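Data block below; observations after.
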Amino acid sequence: MITRILPVSDAGSAEGRAAIREAARVIRDGGLVAFPTETVYGLGANALDGRAVARIFEAKQRPLNDPLILHVANLADLTNLTDLTAASDATNLKPLVAVLTRAFWPGPLTLVLPRGQNVPPIVSAGLDTVAVRMPNHPVAQALIRAGGVPIAAPSANRFGHVSPTTAQHVLDDLDGRIDLVLDGGATPIGVESTVLDLTADPPRILRPGGVTREQIERALAKIEERLAVSDWRSLTAQSPHTMPLPSPGMLPSHYAPRAKLVLCRDTDNLLTRRDNFATHGLKTGLLILESQREACDNLHPQFVLGETLSDVARNLYAGLRALDSAGVDVILATEVPRSGLGEAIADRLARAAAKAVETEGNCDHD
Ligand code: AMP
Ligand code: MG
């Protein structure tokens, strides 16, 4: 199969509209289209067509027990795809959904809700729940509207690999396996959406992401009394190592580069460990902050992520991919504080490093 690439620098331009019309046709015909969202690139198919959805799993080599996220462009679709009356009497989902969608949609918050009748079981891996979000990206929104159907879309990478934040990353993983890529430039947030399970009582963050725990807690606090949601403060996202696995998307090793990722306490620790790896003949790449640049001045290859948590989130996956391409054995990065967007970044770094933990004893003498 030849994968076509259509540029969409502006979804409203004549060129952009034509590209989106073509992509919508591919979706309606049961094909696969990679498209930009505000988080990462998604690999989309018609969510109501079980055979089209099956092609997503095949292209990504994703196991069938890892459910997908449905992308919608309006709230009516959310109602059609879910069954908000299916939950137990104790949890009144409607006001929760109303508050959260008003606060965060369109945006990087995915809601796990009871699955509606018309959603093919393959979409949610046979679970009786379904994950839905409304992306905040003009190309994604235009594509869903033009297709006229909800779009099932996981990240557009090979299963277990780092998510793509540019069209080139998508091609690096999936060229020849999908029909079309809409190239809308680099994605602005750079880490995936927050997955919030509203069928759990209290609601539970299954995956930290672009909307922070603090933001969700503030939004829910407004309705706490009215709802009597018992104890939503325990919106605990557990560490990837202790969490029961609701699906393989939550595997300890995920979002992983080819090289081993090693997390360091601080710059000194990073430099010491780099020396140790070098002694053992291993080639290291540094994933660093602007403020570490001077201390790491002549040490290459290196990738500078920027300074703020938003910079780090936006550039993290490009950095991991770039250092992989430079052929390093080990990527050294420093830990980030686990608050705000830092929670999602720390989660991804921990999962990317999970592979390394098993083997680090062979080569690290920190
Ligand atoms: P991706 O789109 O590749 O970022 O992956 C989708 C994420 O959403 C994975 O971590 C899935 O495990 C999670 N997810 C999707 N549907 C459900 C569901 N019904 N219940 C729990 N998690 C889900
Ligand atoms: Mg993914």
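Computed from a predicted model, the values in this text were never measured in an experiment. When a ligand or atom number is given, it counts from 1 through the structure's own listing order.
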* Asked: Is the closest heavy atom of Asn157 to ligand 1 under 4.0 Å?
  -> no
* Structure fact -> Restricting to heavy atoms, the pick from Lys60, Arg62, His71 nearest atom 5 (O) of ligand 1 would be Arg62
* Has ligand 1 got any nitrogen or oxygen that is less than 3.5 angstrom from a nitrogen or oxygen of Arg207? -> yes
* **Region of Leu68 that comes within reach of ligand 1 [heavy atoms, distance under 4.0 Å]** => backbone
* Pick from Arg207, Arg351, Arg348: which one makes a salt bridge (charged side-chain N to carboxylate O under 4.0 Å, His left out) with Glu192? -> Arg348
* Using a strict cut-off of 4.0 Å, indicate which atoms of ligand 1 neighbour a heavy atom of Ser155. => 1 (P), 2 (O), 3 (O)
* Atoms in ligand 1 flagged as close to Ile69, the criterion being non-hydrogen separation under 4.0 Å -> 2 (O), 6 (C), 8 (O)
* What's the shortest heavy-atom distance between Ala23 and Leu182, and which atoms? -> CB-CD1, 3.8 Å
* To do: Please tell me if the side chains of Tyr317 and Val40 come closer than 4.5 Å, counting only heavy atoms from C-beta onward.
  => yes
* Asked: Is the shortest heavy-atom distance from the side chain of Cys296 to the side chain of Leu270 under 4.5 Å?
  -> yes
* **Thr129: numbered ligand 1 atoms lying under 4.0 Å from its heavy atoms** => 18 (C), 19 (N), 20 (N)
* Asked: Can you find a pair of side-chain heavy atoms, one from His161 and one from His169, that are under 4.5 Å apart?
  -> no
* Short list, please: which atoms of ligand 1 are under 4.0 Å from a heavy atom of Leu206? -> 21 (C), 22 (N)
* **Backbone or side-chain N/O/S of Ser155 under 2.8 Å of the Mg ion (ligand 2)** => yes
* To do: Over 60° means perpendicular and under 30° means parallel, so classify the ring planes of His71 and Phe35, tilted if in between.
  => perpendicular
* **Least distance between heavy atoms, Val328 atom then Arg258 atom** => O-NH2, 3.3 Å
